[in-house]
Amino acid sequence: MTSTDTYDPPLSGVKVLDLSSGPITAVGRLLADLGAQVTPVNLAGVTEAGATVGPRIGAVPVGTAINRFGLSTVDLDTSTADGARRWRELLADADILIENTRPGSDAEKALSAREIHADHPSLVILSVSDFGRDTAYRTWQATTPVLHALTSELSRSGIPGREPLVPPAPQLPYQVAAAQAAVMTVSVYLDRLRTGTGDLIDFSVLDGAMQTLDPPFGTPGTASAGVPLAEQRRNWLAERQRYPIVRCKDGYVRICVLAKRQWQGMFTWMGEPEEFADPKFNSLMERFMSPTLLPAIERFCADKTRAELEAEGQRHGVPTAAVLTLTEALDTEQVKERGFFREVELANGFTAPVPVGVSEVDGHRASALTAPRGTSAPPEGAPVLGGRARRDVGLPLEGLRVLDLGVIVVGADTGRLFADLGADVIKIENSAFPDGLRGRLNMMSQTYASGHRNKRSIGIDLRSDEGRALAHRLAEDADVVLTNFKPGVAQALGMDFGSLKKVNPGIVVVDSSAFGPTGPWARRLGYGPLVRAAAGFTDLWVYPDAPGEFCDTVTVYPDHVAARIGALTALTLLLRRERTGTGGAVSVAQSEVMLSHLAGEIAAEVLQRQGHARSDEPVHDAPWGLFPAEGEDKWVAVTVRDTTDWQALCGVIGRADLAADDALNTPAGRDADRARIDEAVRAWTSARTATAAMELLQKAGVPAGAVLHAGEVPNFGYYAERRAFREELHPHAAEPFMMENVQIHSDRVADPPLGQAPLLGEQTREIAAELLGLSDAEIDELIERGVLEMPQEVTAAQR
């Protein structure tokens, strides 16, 4: 680790006013950990001071205490002369303003973000709401189950025949959305340094949750097993085949046998049983369809311990992870050696472990807990990027060049974020080691098309000295290099930060891996489902009455949010480069991103073990959960937050008797009679479609959401208004498919370009001539020797 005195926090000098409350305060925490001077402001009549994040231990809302730790809050009342003067001074000195007033509220009018934007045109304003401010749904209200329902996450979570299962981490949709919001805010701020003009971002938590948790039309990864997303349903038995969890001598392990080489390793490990010697088992679908293979694997594992299976699985090239409880996960040598948690006094007498930043910068934890707040002056203008040619088409990252070596979901998404925002993203790849999302090299899968749109591709063999030399020449004029190989691979290919900074001192290199670049698990093979198992998340994703029936198989979490953390940190290093002229290195451990989303629950559990009492029981008001709607496997989330919601609910469902029952007019009273309340709600929802029930409840102010299946998401009126999806007709695809569209809603940012994902090496000639200065003859000769590569049919047509 780099010593504290040599660490320069990337957002040092950047001043952020944070008026937000509730779970979206996670945005300010991310920026503060990266060095920004974040000042929470309780603005009278604007900030919802009572909106805190639990669990609540005694008088301490633990989630809020973590998000606000180390930050000095300012209380202001602009109705006084002194308060108004101080507010004007803060605005005049700020770079970024965050607010989450409720649309249509008196607070929204009192703040008047548009007036602030007009008066301070260089200010970047992040305006957060549940459903955005530019739609007919602007006054709708969300809770965690409602967001999970409307993103389609719940349609894939749980056992068919039972109610959908809400994932663990009570604030998960808000936490992943916060990462998306931070990426968008910093990208716009970086552009402000070049143009002098800020922007007003209309950020919707629902948009952020849909795109960043488990997007139905984003990059789904191999867990989809070739099933079109629009057709996915809760097929729990099929899902268990994808990343099977099997019982062993002392618990459970999760095994990954997706690739042919992984199956060959599993076959050897099992002693090459003749029953599975047929080469047909090299096919993923053949293995999934086999009625005997998974039972044979289960028998093979039954008499072995988790530790034995992990060790032997890794030795045979079969990614294997023990399914750990959260307590076990926190006690692993990996977590301890990485130093991800630090004891922090959240309030007087309340000391608990808190995550120490979710990214590393130049080998140092990017965290306000481990490094002093940056004291550097903010960059003035953009001496590095300011002179770049730009077309002024409303894309904040125009003029940046990114070399994308990333693979699978994290790699695809990190580069796509840059590409959608205007950067020239060049994917470097080779047919000997194709990206696992591609499928057949000269066809186009929905997964690859979604994750690699707006990119160009050059085929280079990085195993050769000539190939590495060509890649280094590209790096000389690049700004960012993205990797997510197993630790050590980038270095072997000469594409790590240590190698590239010699070529380009201003380069920013991002490295994302399952468990981080250091520690005993650094070189472990890891996929998202295995990371979830090892981080304690899988063990939590169960019905309370079915602890061994794990339900997290199909989700791609945390890949998409880890990609946002990598992109965010890279953008902050580009900002630092405007001050210093030098680049830097970013490392992101997907397991740590996931653990950060459980930070409040981890701290609360420790505090309770210390003897502190929890004071927010019941955790949820009643009703709170998933209720059946008219039709097969149709559900609606209904969530009451307080007595106002309760009275509104009773009015909608026509139960004046329940509204008049004094015993039910307190949260404790409703909790005590939860079964009766649930029965009443169930009777009402069962007689209506999920959409009708949702609309009636939302009109009355009760947070509710129909559980949308993936295929239903694009036609939901909210997403249509937000231009959230577009249909893609790719020339190399078998049929049209849907993909995500708009990333930022703001005054100045345009919709993403319409560039289609490339075949492997599709722009090799173009890039080699344009950026490497090679002649046609030189390119032909390099292609002939395999140093450069093009799609086969393109090469044949040209010859």
Side-chain angles (χ1 to χ4, degrees), residues 2 6 8 10 360-363 382-389 397 399-407 411 414-415 418-419 423-430 433 455-485 487-513 517 566-567 569-588 761 763-764 766-775 778-779 782 787-789:
T2 305
T6 61
D8 184 2
E360 293 172 283
V361 172
D362 301 334
V384 179
L385 294 176
R388 302 278 179 90
L397 301 186
L400 283 171
R401 179 164 297 137
V402 177
L403 303 184
D404 182 1
L405 280 76
V407 295
T414 311
F418 280 93
D424 178 19
V425 179
I426 298 172
K427 184 166 177 62
I428 298 176
E429 48 188 338
N430 181 268
F433 297 96
K455 301 179 184 180
R456 298 193 285 171
S457 171
I458 183 171
I460 302 180
D461 184 1
L462 293 176
R463 298 167 299 172
S464 69
D465 292 339
E466 286 179 285
R468 285 192 295 274
L470 292 173
H472 283 186
R473 285 172 59 186
L474 289 175
E476 289 175 8
D477 294 318
D479 299 289
V480 179
V481 173
L482 306 175
T483 71
N484 65 316
F485 302 121
V489 173
Q491 184 176 8
L493 296 174
M495 298 301 287
D496 62 308
F497 179 66
S499 302
L500 293 177
K501 70 178 180 179
K502 299 173 185 175
V503 175
N504 178 356
I507 200 78
V508 171
V509 179
V510 179
D511 164 41
S512 175
S513 60
T569 312
L571 287 166
T572 66
L573 282 176
L574 293 175
L575 282 165
R576 188 181 72 177
R577 189 179 65 172
E578 298 298 338
R579 285 193 286 109
T580 66
T582 57
V586 178
S587 289
V588 178
Q763 289 83 23
T764 292
E766 170 188 311
I767 295 168
E770 172 193 342
L771 302 181
L772 297 175
L774 299 177
S775 67
E778 289 172 318
I779 295 170
L782 288 168
V787 178
L788 293 180
E789 188 172 9

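If you read the sequence from its start, that first residue is 1, and numbering goes on from there. Values below: all heavy atoms of this structure, side chains included; hydrogens, waters and symmetry mates excluded.
Under the 3.5 Å distance criterion, with hydrogens and angles disregarded, a donor-acceptor pair is assigned to the side chains of Asp496 and Ser499. Inspection of the Thr764 and Glu789 side chains reveals no N or O donor paired with an N or O acceptor under 3.5 Å.
Interatomic distance, OG1 of Thr483 versus CG of Leu493, reported as 9.5 Å (0.5 Å rounding). Leu788 CG to Leu782 CG: the interatomic distance, rounded to the nearest 0.5 Å, is 4.5 Å.
Annotation: side chain of Arg576 is in contact with side chain of Val361 (closest heavy-atom distance under 4.5 Å). Leu474 places a side-chain heavy atom less than 4.5 Å from the side chain of Ile767. The shortest side-chain heavy-atom distance between Lys502 and His472 does not fall under the 4.5 Å cut-off. Side-chain contact between Phe418 and Leu571 is present, with at least one heavy-atom pair separated by less than 4.5 Å. Counting heavy atoms from C-beta on, the side chains of Ser512 and Thr414 never come closer than 4.5 Å.
The nearest pair of heavy atoms linking Lys455 to Ala419 is CG-CB, 4.2 Å. Closest heavy-atom contact between Gly761 and Ser457: N-OG, 2.8 Å. Closest approach of Leu405 to Phe485, counting heavy atoms only: O-CZ, 3.4 Å. For the residue pair Leu385 and Asp479, the shortest heavy atom distance occurs at CD2-OD1, 4.1 Å. Contact record, Ser464 with Val787: OG-CG1, 4.3 Å, taken as the closest heavy-atom pair. Among all heavy-atom pairs drawn from Val402 and Ala423, the shortest one is CG2-CB, 4.2 Å.
Proximity of a side-chain donor or acceptor of Lys427 to a complementary backbone N or O of Gly406 within less than 3.5 Å is detected. A donor-acceptor pair under 3.5 Å is absent between the side-chain atoms of Glu360 and the main chain of Val586, judged by distance alone. Between the Arg401 side chain and the Val425 main chain, no donor and acceptor come within less than 3.5 Å of each other. Using modelled atom types, no side-chain atom of Thr569 and backbone atom of Gly566 make a donor-acceptor pair closer than 3.5 Å. A donor-acceptor distance shorter than 3.5 angstrom exists from the side chain of Arg468 to the backbone of Arg463, with no hydrogens or angles considered. No donor-acceptor pair closer than 3.5 Å links the side chain of Asp404 to the backbone N or O of Ile426. Side-chain N or O atoms of Asn484 include one that pairs as donor or acceptor with a backbone N or O of Val407 at under 3.5 Å.
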Could you walk me through whether Val480 and Leu403 satisfy the side-chain contact (heavy atoms from CB on, under 4.5 Å) test, starting with their C-alpha distance in whole Å, then the side-chain angles of each, then the deciding distance to 0.1 Å, before giving a yes or no? CA-CA 6 Å; Val480 179; Leu403 303 184; over 6 Å; no
Which is it for Leu772 and Glu778 under the side-chain contact (heavy atoms from CB on, under 4.5 Å) test, yes or no, and what are the steps along the way? CA-CA 11 Å; Leu772 297 175; Glu778 289 172 318; over 6 Å; no
Decide yes or no on salt bridge (Lys or Arg N to Asp or Glu O under 4.0 Å) for Arg388 and Asp424, but give the supporting numbers first. CA-CA 12 Å; Arg388 302 278 179 90; Asp424 178 19; over 6 Å; no
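By the 6.0 Å contact criterion, CD on Gln491 is open, its count of non-hydrogen atoms from other residues, nucleotides or ligands being 12 or less.
A salt bridge does not link Asp362 to Lys501: none of the charged side-chain nitrogens sits closer than 4.0 Å to a carboxylate oxygen.
Among the candidates Leu470, Ile460, Val481, Leu482, the single residue satisfying the side chain to side chain contact (heavy atoms under 4.5 Å, CB included) test with Ile428 is Ile460.
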Would you be so kind as to tabulate the donor-acceptor pairs closer than 3.5 Å made by side chains of residues 503-510, with sequence neighbours excluded?
| residue | atom | partner | partner atom | Å |
| --- | --- | --- | --- | --- |
| Asn504 | OD1 | Gly506 | N | 2.9 |
| Asn504 | ND2 | Ala475 | O | 3.0 |
| Asn504 | ND2 | Glu476 | O | 3.3 |
| Asn504 | ND2 | Ala478 | O | 2.9 |

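Contacts classified as salt bridge (charged side-chain N to carboxylate O under 4.0 Å, His left out) and involving residues 579-588 (residues at least two apart or in different chains) are given here: Asp8-Arg579.
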